[in-house]
Amino acid sequence: MKMIIAIIQDKDSNRLTNALTENDFKATKLSTTGGFLREGNTTLMIGCEDDDVDDVLGILRKNCSQREQLVAPISPMGGNADSYIPKPVKVEVGGATVFVLPVDSFYKF
Amino acid sequence: MKMIIAIIQDKDSNRLTNALTENDFKATKLSTTGGFLREGNTTLMIGCEDDDVDDVLGILRKNCSQREQLVAPISPMGGNADSYIPKPVKVEVGGATVFVLPVDSFYKF
Amino acid sequence: MKMIIAIIQDKDSNRLTNALTENDFKATKLSTTGGFLREGNTTLMIGCEDDDVDDVLGILRKNCSQREQLVAPISPMGGNADSYIPKPVKVEVGGATVFVLPVDSFYKF
Ligand code: NI
Ligand code: NI
Ligand code: NI
């Protein structure tokens, strides 16, 4: 048995938990408060058999990897918005920090 | 030293923390947010000596085991409630998912 | 890799996370709800290399150790506050409970 702790972005949380559930993995979502550290992040605890660790890691990689997204830039305040065509800018979104912890024993009561 | 992580139902939380305190065990309660997974659940972290793991497991088993409860069924909407005697139905309540993790070292500052 | 779990007082939380950030350590703050246990406490998860554990412990010790603080006592209700000079009283503040957990593997996606 392993305990997988994954810190992901809020925006990837629903897609990830859906994908975990479809594959019969159970996750517990911990609320993480802001502070200036990791604002907008979610922590999931996923317990799984040793043989299933690679599957869970694959689901995390597929649904939460850091990637670039094109977003419309905000028009400069007071600027003449008609005078130029705004170019979309790339921003990094997503990303997962994942710890796999050993488990001594596991029980269901 | 071990770190016991127990995911239990909210409704068993107070009784469990009372029982742990009476036995001089300290628990830290983590807020877990809903999502559709494990709605209404609470996660407790309990640090304890290796020799005390069985005691903590016993307290968890006693206070949080899954059991059946009889509840009054909801009358069918628009049905004629006078025409039958509602039979109480059995529902499963409680239950604990428990992970015992090894601890390399422990400090109090 | 290690996972350090530190339960500290809320009042030490900002100073600690500032100190961790200055030293390039990343912490994830978990919200812990009250109950009567550990009211006003915060739990931090800090992932770090084995060689950095002592540094993190030093930062925890420096910023969160239990210490005495002098506070002005509350005047007795209905008493004649002019008739005596209130003596500040010592109270214990701070304190950290720290678990260092082994990590099998670590990933960033
Ligand atoms: Ni195992
Ligand atoms: Ni031990
Ligand atoms: Ni290591």
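Each chain gets a letter, A, B and so on, in the order its sequence line appears, and its residues count up from 1. Fair warning: this is a prediction, and the values are worked out from it, not measured in the lab. Computation of the quantities below employed the complete heavy-atom set of this structure, encompassing side-chain atoms and omitting hydrogens, waters and symmetry-equivalent molecules.
- To the nearest 0.5 Å, the span separating OG1 on B:T28 from CD1 on C:I7 amounts to 3.5 Å.
- Per-residue heavy-atom pair counts under 4.5 Å with chain B were compared for C:L57, C:I4, C:L60, and the maximum is reached by C:L57.
- In this structure, B:K29 NZ and C:N41 CG are separated by 13.5 Å, a value rounded to the nearest 0.5 Å.
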Steps toward side chain to side chain contact (heavy atoms under 4.5 Å, CB included) verdict (B:M1, C:F99): CA-CA 9 Å; B:M1 195 67 146; C:F99 301 88; 4.0 Å; yes
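- The CZ atom of C:R61 sits 8.0 Å away from atom OH of B:Y107, with the distance rounded to the nearest 0.5 Å.
- Remark: B:L101 CG to C:M3 CE distance equals 9.5 Å, nearest 0.5 Å.
- Closest non-hydrogen pair, C:P102 versus B:P102, comes out as CD-O, 3.4 Å.
- Qualifying salt bridge (charged side-chain N to carboxylate O under 4.0 Å, His left out) partners for B:D55, counting only residues two or more places apart in sequence or in other chains: none.
- Looking only at heavy-atom pairs under 4.5 Å with chain B, the residue among C:I8, C:V98, C:T43 that has the most is C:V98.
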